[in-house]
Amino acid sequence: MLQTQSVGGVDMAYFLLCKRKLWLYKKGIGMEEESDRVLQGAVLHDSAYPRLEKREILIDDAFKIDALDGEYVREVKLSSKMIESDRLQMLFYLYQLSLRGINKKGLISYTNEKRTVEILLTEKGKQEIKKAIAEVYQIIDTPSPPAVIKVPYCKSCAYFGFCYAREADEDDT
Ligand code: SF4
């Protein structure tokens with residue numbers, strides 16, 4: 001299979017959230033910059049980890065991690081509403097680092113809930129992330145986007161207007 005694009009941690013999160021969102025994002029249909037959640041996330045990242053020097057680290061021009069703190073890769077999120085996506089994203093970072101001979105654990109801090117979750121890259125986790133990466137490539141190699149999934153998350157998705165435009169038109173008629 002011809003793999004023309006690299007994939008990153010955000011792709012893993014989108015993969016679990018919505019395959020269509022992943023496809024649209026990878027095709028450069030970029031509405032994500034306008035999303036409130038992303039703006040909040042950007043502000044959060046700017047203010048997080050005041051005591052850490054190693055922040056926003058670009059690895060091999062391929063993916064970026066929030067911060068390194070001793071034996072941990074750290075990520076900060078507002079809430080744990082998307083905890084499974086956050087977990088897969090962290091597994092991706094841990095796996096990619098392990099491929100480069102760097103073995104770390106993950107810590108995700110949920111600021112609204114003031115709690116932190118530890119993620120370990122187990123053998124099972126490695127298989128899981130390898131499978132997810134393969135599936136992400138399959139999705140982005142398809143010529144047309146997966147169907148709209150109609151889940152509660154759609155309402156807070158940056159692509160909501162795009163995905164539901166036809167329904168809005170039908171409502172107007
Ligand atoms: S609006 Fe819903 S279907 Fe469309 S990309 Fe977002 S989550 Fe997926």
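Start at 1 and go down the list; that is how both ligands and their atoms are numbered. Here the structure is a predicted model, which is why all the values come from computation and not from measurement.
- Within the protein, the N, O or S atoms lying under 2.8 Å from atom 2 (Fe) of ligand 1 are Cys154 SG.
- No hydrogens or angles considered: a donor-acceptor pair under 3.5 Å links the side chains of Tyr153 and Lys21.
- For Lys104, the side chain to side chain contact (heavy atoms under 4.5 Å, CB included) test picks out Leu68, Val73, Leu94, Leu97, Ile102, with sequence neighbours left out.
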Q | salt bridge (charged side-chain N to carboxylate O under 4.0 Å, His left out) evaluation trace for Lys131 with Glu128 | A | CA-CA 5 Å; Lys131 186 164 175 277; Glu128 183 184 347; over 6 Å; no
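- Residues meeting the side chain to side chain contact (heavy atoms under 4.5 Å, CB included) test with Thr116, sequence neighbours left out: Leu107, Ser109.
- Residues passing the salt bridge (Lys or Arg N to Asp or Glu O under 4.0 Å) test with Lys64, sequence neighbours excluded: Glu56.
- Residues Ile149 and Phe15 fall within the same hydrophobic cluster, defined by Ile, Leu, Val, Met, Phe, Trp and Tyr side chains chained together at heavy-atom separations under 4.5 Å.
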